[in-house]
Amino acid sequence: MDIEFLARQVMGCFTSADLELLLNLNFRRAYERGEVMVSAGETVDRFYLVEEGLVRLDESPPVGPRFLRPGQVFGSTSVLQTRVSPHSVIAEDSVTAITLSASDLDWLVEAEPASAARLVRALATALAWRNLKTPVGAGAVPASEVRLEEPSGLALLYEACREVQKALNAMGPAPDEGQAFWARERIPAVATAYRPVLRALASLLDNADPLDRERLVGLARRELRAVTSGSKLVDRFRSRPTGRAAGWRGFNHIYRNVPEGDDTVGLLTDAWLLTRPFAEAVRERRTIASERTVREVLDRARPDRMVRILSLGCGPARSLGDLLEEPDMAEKISITIVDDDNEALVHANNLLKGRAPRADITYKQTSPSDLTPEAEGFGGYDIVASLYTGDGADAAALGRVLYTSHRWMHAHGVLTLVVFGDAVPDWLLLEVLLEWKPLRYTQRELQDILSRSPFKQSHSEVAPTPSGLNVFLRATK
């Protein structure tokens with residue numbers, strides 16, 4: 001930054017030579033975007049003069065965050081008396097600051113007394129301005145001469161998260177009994193409180209530079225976690241190995257549809273999330289899969305043979321559990337379940353054996369998208385069904401699933417799968433909060449993938465589900 005400009009910003013107490021001296025003595029430090037310069041509760045023994053960039057002070061409500069620009073100072077009294085910082089100080093973008101401790105100042109008094117005297121005057125001015133409740137920093141340009149910048153997208157998200165936390169806390173505490181009912185009654189108010197958060201999230205990420213987007217997602221995730229960490233849905237979606245698709249725990253929580261939380265904010269957030277379109281879409285998949293699979297089995301069932309079903313990606317296996325609860329269904333079907341998550345397979349086994357102890361069920365641990373027509377132990381299926389394989393499969397991978405399924409089917413066998421449509425408005429929420437980025441397809445895109453498969457168009461159906469949130473595919477060999 002221009003030394004003359006920086007010197008003018010500090011009330012004219014410093015000369016350009018003073019600042020050059022401080023820079024030459026290596027009293028300068030760089031901070032990356034999002035880096036915590038000082039943590040709340042940390043002992044501070046130095047002051048910081050912002051040379052470049054924007055710094056955020058996270059103060060408690062009702063004050064909220066404040067921002068420091070080049071030429072402004074924080075920690076101005078720390079060189080006189082060590083103290084504990086009441087708030088966190090974070091680099092809003094790339095920041096360079098000149099920083100001195102009490103021992104540095106002592107040395108400067110002896111080595112360069114004139115510069116040290118001007119520095120002490122600058123710090124005294126900073127303290128005086130702060131006590132007068134003027135903009136933070138020694139020599140901040142008077143308000144009439146400053147063109148204030150619009151708050152950054154991250155600052156707006158921070159403020160929205162603090163406000164929703166305050167609003168939700170004001171609704172509590174939840175009663176000891178009937179917490180789920182209590183939380184559901186407040187969903188409209190919770191949705192209203194979260195609306196500014198969704199707007200701020202969209203403002204931050206919708207038009208973000210692709211090269212900078214990953215960093216912004218990480219920063220946004222940190223802000224949202226401060227509010228939503230008590231939600232059991234959030235916890236269960238995130239309780240999976242890094243890089244793995246959403247696990248069965250999160251889907252099972254959506255199917256149960258009973259809000260849970262570690263505190264009032266977590267409970268109310270959980271209740272709100274369970275009403276979001278993505279949760280409705282997941283529950284709709286279960287209903288459609290159960291109903292359609294029952295019809296397919298009844299159309300194919302014969303006294304002398306069982307209907308063979310291949311389930312690709314079992315998740316919590318709730319739709320298969322619904323199927324086995326149908327009268328005499330366990331005697332009509334043989335099921336092979338494929339999933340790469342061993343815990344999901346264990347959960348599926350416990351659930352399904354509870355429904356039908358004598359049912360013919362085989363479990364195979366492998367990734368459904370990695371299966372090939374040459375895989376041993378597969379083939380001769382009447383029905384191939386999947387609820388979640390398409391969420392992590394791009395067009396090429398989904399095409400391979402269709403090709404492999406066709407090879408493994410009997411004549412007149414049927415493939416059914418469901419994918420997210422493009423009508424779900426929750427994609428940023430899923431990516432940032434649940435760390436889940438399922439793929440979505442339009443009806444036309446799914447038809448194009450189907451047209452390149454061995455299935456004939458005349459024996460296939462691609463249509464949105466009743467809610468419009470999912471797209472259903474049914475193809476017959």
Side-chain angles (χ1 to χ4, degrees), residues 31-42 53-68 85-95 149-171 190-210 212-239 242 261-273 276 278 425-437:
Y31 299 86
E32 296 182 357
R33 294 174 179 176
E35 184 175 352
V36 177
M37 302 170 70
V38 176
S39 298
E42 178 183 342
L54 185 66
V55 173
R56 185 178 85 226
L57 280 72
D58 285 352
E59 294 197 287
S60 302
V63 177
R66 292 189 292 166
F67 297 87
L68 305 182
S85 176
H87 45 250
S88 295
V89 182
I90 300 168
E92 185 79 354
D93 49 26
S94 296
V95 168
E149 300 177 14
E150 290 292 323
S152 69
L154 197 60
L156 292 173
L157 180 61
Y158 171 90
E159 182 61 28
C161 287
R162 299 293 80 76
E163 287 299 316
V164 76
Q165 191 170 35
K166 184 167 59 175
L168 267 54
N169 270 321
M171 298 180 192
V190 176
T192 299
Y194 264 106
R195 200 165 293 132
V197 174
L198 298 180
R199 284 199 298 265
L201 191 62
S203 175
L204 177 67
L205 296 178
D206 272 347
N207 299 311
D209 185 329
D212 197 34
R213 195 176 190 282
E214 184 176 352
R215 179 189 68 84
L216 291 175
V217 166
L219 294 174
R221 188 170 289 154
R222 183 186 66 192
E223 301 295 350
L224 281 174
R225 281 180 186 168
V227 182
T228 63
S229 59
S231 161
K232 288 298 183 182
L233 178 63
V234 174
D235 177 63
R236 286 164 179 160
F237 256 92
R238 294 182 56 240
S239 297
T242 303
D262 295 332
D263 51 29
T264 297
V265 175
L267 177 65
L268 292 170
T269 297
D270 209 76
W272 171 68
L273 289 173
R276 295 298 302 173
F278 76 88
D426 287 321
W427 303 113
L428 290 178
L429 197 63
L430 299 187
E431 177 184 2
V432 177
L433 184 56
L434 305 184
E435 300 182 26
W436 180 36
K437 290 183 66 176

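Note that the numbering runs from 1 along the sequence shown for the chain. All values derive from a computational prediction rather than experimental measurement.
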Novice: Once you round to the nearest 0.5 Å, how far does CG of L233 lie from OG1 of T228?
Specialist: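 Going from the CG atom of L233 to the OG1 atom of T228 covers 10.0 Å.
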Novice: At their closest point, which heavy atom of V197 faces which heavy atom of C161, and how far apart are they?
Specialist: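 It is CG2-N, 4.1 Å.
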Novice: Taking all atoms of both residues into account, what is the closest heavy-atom pair of A202 and L428, and its distance?
Specialist: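 Heavy-atom minimum between the residues: CA-CD1, 3.6 Å.
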Novice: Give the minimum heavy-atom separation between A208 and L216, together with the two atoms involved.
Specialist: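 That closest heavy-atom pairing would be CB-CD1, 3.8 Å.
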Novice: Check T269 against L168 and note the closest heavy-atom contact, atom names and distance.
Specialist: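 Looks like OG1-CD2, 3.6 Å.
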Novice: Would you check if V36 and V89 make a side-chain contact, meaning some heavy-atom pair closer than 4.5 Å?
Specialist: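 Side-chain contact under 4.5 Å: no.
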Novice: Report yes if the side chains of D262 and D235 come closer than 4.5 Å at any heavy-atom pair, otherwise no.
Specialist: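 No - every pair of side-chain heavy atoms lies 4.5 Å or more apart.
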Novice: Could you grab the distance from atom CG of L205 to atom CH2 of W427, nearest 0.5 Å is fine?
Specialist: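 So the CG of L205 and the CH2 of W427 are separated by 15.5 Å.
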Novice: Considering only heavy atoms from C-beta outward, does the side chain of V265 approach that of L267 to under 4.5 Å?
Specialist: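 No. Closest side-chain heavy atoms not under 4.5 Å.
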Novice: When you look at L273 and L433, which way does the side-chain contact (heavy atoms from CB on, under 4.5 Å) test go after all the steps?
Specialist: CA-CA 10 Å; L273 289 173; L433 184 56; 4.0 Å; yes
Novice: Using 30° and 60° as the class limits, which term best fits the ring planes of F278 and W436: parallel, tilted or perpendicular?
Specialist: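 Because their plane-to-plane angle is over 60°, the rings of F278 and W436 count as perpendicular.
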Novice: Compare all side-chain heavy atoms of V164 with those of P196 and state whether any distance is below 4.5 angstrom.
Specialist: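 Result no, sub-4.5 Å side-chain heavy-atom pair not found.
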Novice: Within a strict 4.5 Å, meaning less than it, do heavy atoms of the L434 and V234 side chains meet?
Specialist: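 Of all side-chain heavy-atom pairs linking V234 with L434, at least one is under 4.5 Å.
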Novice: Can you check whether Q165's main-chain N or O pairs, donor with acceptor, with N169's side chain at less than 3.5 Å?
Specialist: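 Yes; judged by distance alone, with no hydrogens or angles, the pair exists.
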Novice: State, to 0.1 Å, how close V55 and M37 come at their nearest heavy-atom pair, and which atoms those are.
Specialist: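 Distance-wise, the nearest heavy atoms are CG2-SD, 4.0 Å.
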Novice: Just grab all the salt bridge (Lys or Arg N to Asp or Glu O under 4.0 Å) pairs involving residues 33-42, residues at least two apart or on different chains.
Specialist: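 For residues 33-42: R29-E35, R33-D212.
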Novice: Go through the steps to decide whether L157 and L219 satisfy the test side-chain contact (heavy atoms from CB on, under 4.5 Å), and finish with yes or no.
Specialist: CA-CA 10 Å; L157 180 61; L219 294 174; over 6 Å; no
Novice: With the side chain counted from C-beta on, respond yes when L204 and E223 share a heavy-atom pair under 4.5 Å apart, and no when they do not.
Specialist: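 Result no, sub-4.5 Å side-chain heavy-atom pair not found.
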Novice: Show your working on side-chain contact (heavy atoms from CB on, under 4.5 Å) between E32 and R215 and close with a plain yes or no.
Specialist: CA-CA 11 Å; E32 296 182 357; R215 179 189 68 84; over 6 Å; no
Novice: For D93 and G53, indicate whether the former's side chain and the latter's backbone hold a donor-acceptor pair under 3.5 Å.
Specialist: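 Flag not set: sc D93 to bb G53 has no pair under 3.5 Å.
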Novice: Roughly how far, to the nearest 0.5 Å, is the CZ atom of R56 from the CD atom of E92?
Specialist: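 That separation rounds to 5.0 Å.
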Novice: Looking only at non-hydrogen atoms, find the nearest pair between V190 and L268 and report the distance.
Specialist: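 Answer, listing the atom of V190 first, then L268: CG1-O, 3.7 Å.
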Novice: If you define the side chain from C-beta out and look only at heavy atoms, does anything of L154 sit under 4.5 Å from Y158?
Specialist: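 No, side chains not in contact.
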Novice: Looking at R221 and E431, is there a salt bridge between them, counting it only when a charged N and a carboxylate O are closer than 4.0 Å?
Specialist: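 Salt bridge between E431 and R221, a charged N being under 4.0 Å from a carboxylate O: no.
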Novice: Heavy-atom distance under 4.5 Å between the side chains of Y194 and V227, does that happen here?
Specialist: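 Side-chain contact under 4.5 Å: yes.
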Novice: Is a side-chain donor or acceptor of D263 paired with a backbone partner of G230 at a separation under 3.5 angstrom?
Specialist: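 Looks like no, no N/O pair under 3.5 Å.
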Novice: Should E163 and R199 count as an ion pair when the cut-off is N to O under 4.0 Å?
Specialist: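 Salt bridge: no.
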Novice: Please round to the nearest 0.5 Å and tell me the distance separating atom CG of L224 and atom OG of S231.
Specialist: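 Reported to 0.5 Å precision, the distance equals 11.5 Å.
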